[in-house]
Amino acid sequence: MSEKPTKHTKVLIIGSGPAGYTAAVYAARAMLKPMLVAGMQPGGQLTITTDVENYPGFADVIQGPWLMEQMREQAKAVGTDLVEDHIQSVNLKSKPFEALGDGGQKYTADSIIISTGAQARWLNIESEEKFKGFGVSACATCDGFFFKDKTVAVVGGGNAAVEEAMFLTKFASKVQLIHRRNELRAEKLLQKKLMENKKIEIIWDSVVEEVIGDEEPKNVKGLKIKNTKTNEMSELKIDGLFIAIGHDPATSLFKDQLEMDNTGYLITKSDSTETNVPGVYAAGDVKDKIFRQAVTAAGMGCMAALEAEKYLASN
């Protein structure tokens, strides 16, 4: 089989989603002719989010997949080379940088913007998959509003779970926090606030076995939970389930090449998207475990493109 000719670009954007597409728009408008490799889930986490109410500029509720489609079309319209491929390895020590696609396509680039994002960890049970976006969510700030005066459950025991549970009390009439152990991992101050909140009930030593709901229209009605000490099964009546057991950034590609924190998030310089390798930038959830919003990811995508432009001009 003859080798495919190497594709070279000044700016290679790895990963799509708000960060990648925004970086592409800015880089293309700077006449850098960027190439964006979309990855396994083009559009990222927003493609599994249905109603989006917090993205600036839209008075009416919009759909996550639609917003990503629009960003993609915009990136294309201004001159981005959009590639359907998945990068399986990179070499950041070579100049120009090298990347290899799944099908053997080789890419070289003078600068790289990493926007591979993160994935929420899920419980990985069949019924959860079935009701994703129909009452099962991994983002309270995205979807909490839809559960006004309803009963919701949160699964988890760390800071994220406690924060999500507290946030949900703004809308829900009752929040049940389900944790598989008998103590939380969250910071003590957060735990204290949680315990003081009258709307929150903690269900200890328990795991979710099944999400129960209606088929038409699809919505969540309750949960089957199992006590980890007694193996006893019980049912909870709830309207929504929030999974808060953490996120995993998609950074395995950059292991031993870029600085990461102990949970795998890429580390960038202060007020910058620059990694420890000059010419390589990280934008969005791949480096941000605090805010994780579409609008902050888009903002970082813009920063990365501007920084890459400056880097290319001075080199």
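- Side-chain atoms of E128 come within 3.5 Å of backbone atoms of N124 as a donor-acceptor pair (strictly under, hydrogens ignored).
- Shown here is K199, whose NZ atom has more than 12 heavy atoms of other residues, nucleotides or ligands within 6.0 Å.
- Residues S127 and E210 have side chains that never bring a donor and an acceptor to within less than 3.5 angstrom of each other.
- Both L82 and I13 belong to a common hydrophobic cluster when Ile, Leu, Val, Met, Phe, Trp and Tyr are linked at side-chain heavy-atom distances under 4.5 angstrom.
- Checked for salt-bridge contact, E209 and K224 miss the test: no charged N lies under 4.0 Å from a carboxylate O.
- Looking at L177 and E201, their side chains never come closer than 4.5 Å, going by heavy atoms from C-beta outward.
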*asked:* What verdict does the side-chain contact (heavy atoms from CB on, under 4.5 Å) test give for L223 and L241, after you've listed the backbone C-alpha separation in whole Å, the side-chain angles of each residue and the deciding distance to 0.1 Å?
replied: CA-CA 9 Å; L223 298 175; L241 174 66; 3.9 Å; yes
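- A donor-acceptor contact closer than 3.5 angstrom links the side chains of Y107 and D85.
- Open room surrounds CZ on F145; 12 or fewer heavy atoms of other groups in view lie less than 6.0 Å from it.
- Put simply, the side chain of I114 reaches to within 4.5 Å of the side chain of L266, judged on heavy atoms.
- Atom CD of E164 and atom OG1 of T169 lie 12.0 Å apart (nearest 0.5 Å).
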*I would like to know whether L194 and I202 meet side-chain contact (heavy atoms from CB on, under 4.5 Å); could you show each step before the answer?*
CA-CA 9 Å; L194 181 87; I202 304 178; 3.5 Å; yes
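- Atom CE of M195 has more than 12 neighbouring heavy atoms from other residues, nucleotides or ligands inside a 6.0 Å radius.
- Residues N91 and Q257 are in side-chain contact: their nearest non-hydrogen atoms beyond the backbone lie under 4.5 Å apart.
- Between D261 and K289, at least one side-chain nitrogen of the basic residue sits less than 4.0 Å from a carboxylate oxygen of the acidic one, meeting the salt-bridge criterion.
- Under a 4.0 Å N-O distance rule, the pair D248/R121 qualifies as a salt bridge.
- Note: the hydrophobic cluster containing V154 does not contain L236 (ILVMFWY, side chain heavy atoms under 4.5 Å, direct or indirect links).
- At a cut-off of 3.5 Å, with distance as the only test, a side-chain donor of T141 or Q293 sits close to an acceptor on the other residue.
- Residue K132 holds its NZ atom at 5.0 Å from CH2 of W122, rounded to the nearest 0.5 Å.
- Rounding to the nearest 0.5 Å gives a distance of 10.0 Å between CD of E232 and CD1 of I225.
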_If you apply the rule salt bridge (Lys or Arg N to Asp or Glu O under 4.0 Å), what do you find for R292 with E163, and how did you get there?_
CA-CA 14 Å; R292 295 205 299 261; E163 280 164 5; over 6 Å; no
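- Within a 6.0 Å sphere centred on CZ of R29, other residues, nucleotides and ligands contribute 12 heavy atoms or fewer.
- Around NZ of K76, the count of heavy atoms belonging to other residues, nucleotides or ligands within 6.0 Å does not exceed 12.
- A salt bridge links E196 to K192: one of the charged nitrogens lies within less than 4.0 Å of a carboxylate oxygen.
- N182 contributes atom CG, which lies 5.0 Å from atom CG of D205 (distance to the nearest 0.5 angstrom).
- Following chains of ILVMFWY side-chain contacts shorter than 4.5 Å, one cannot reach L46 starting from M300, and the two form parts of different hydrophobic clusters.
- The cluster map of Ile, Leu, Val, Met, Phe, Trp and Tyr, joined by side-chain heavy atoms under 4.5 Å apart, puts I125 and V220 in the same cluster.
- Within the 3.5 Å criterion, the main-chain N or O of I200 finds no donor-acceptor partner in the side chain of Q176.
- Taking CE of M40 as the start and NE2 of H86 as the end, the distance is 4.0 Å to the nearest 0.5 Å.
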*List the steps, then state whether ring pair (Phe, Tyr, Trp, His ring centres under 6.0 Å) holds for F242 with F147.*
CA-CA 11 Å; F242 290 85; F147 295 92; 5.5 Å; yes
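- In this structure, L36 and S16 have side chains that are in contact, with non-hydrogen atoms separated by less than 4.5 Å.
- By the 4.5 Å heavy-atom criterion applied to side chains, K7 and T108 are not counted as neighbours.
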*With side-chain contact (heavy atoms from CB on, under 4.5 Å) as the test, would you mind laying out the steps for K130 and K218 before giving the verdict?*
CA-CA 9 Å; K130 188 163 116 184; K218 246 192 210 185; 4.2 Å; yes
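- Heavy-atom neighbours of N231 CG from other residues, nucleotides or ligands within 6.0 Å: above the threshold of 12.
- The minimum heavy-atom distance linking A24 with P34 is given by the pair O-CG, 3.7 Å.
- With contacts defined as side-chain heavy-atom distances shorter than 4.5 Å, the pair S173/T151 qualifies.
- Residue S272 holds its OG atom at 6.0 Å from CE of M303, rounded to the nearest 0.5 Å.
- When the side chains of ILVMFWY residues are joined at heavy-atom separations under 4.5 Å, either directly or via intervening members, I203 and L123 end up in a single hydrophobic cluster.
- Counting heavy atoms from C-beta outward, L67 and F58 have side chains that approach closer than 4.5 Å.
- Other residues, nucleotides and ligands place more than 12 heavy atoms under 6.0 Å from the NZ atom of K95.
- By the 30° and 60° cut-offs, the orientation of the rings of F171 relative to F167 is perpendicular.
- Between E98 and K106 there is a salt bridge, with a side-chain nitrogen of the basic residue lying less than 4.0 Å from a carboxylate oxygen of the acidic one.
- Remark: side-chain polar atoms of S115 are not paired, donor with acceptor, to backbone N or O of G284 under 3.5 angstrom.
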*Test side-chain contact (heavy atoms from CB on, under 4.5 Å) on N315 and L312 and set out the steps.*
CA-CA 5 Å; N315 283 275; L312 293 168; over 6 Å; no
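- Side-chain polar atoms of K33 and T9 form no donor-acceptor pair below 3.5 angstrom.
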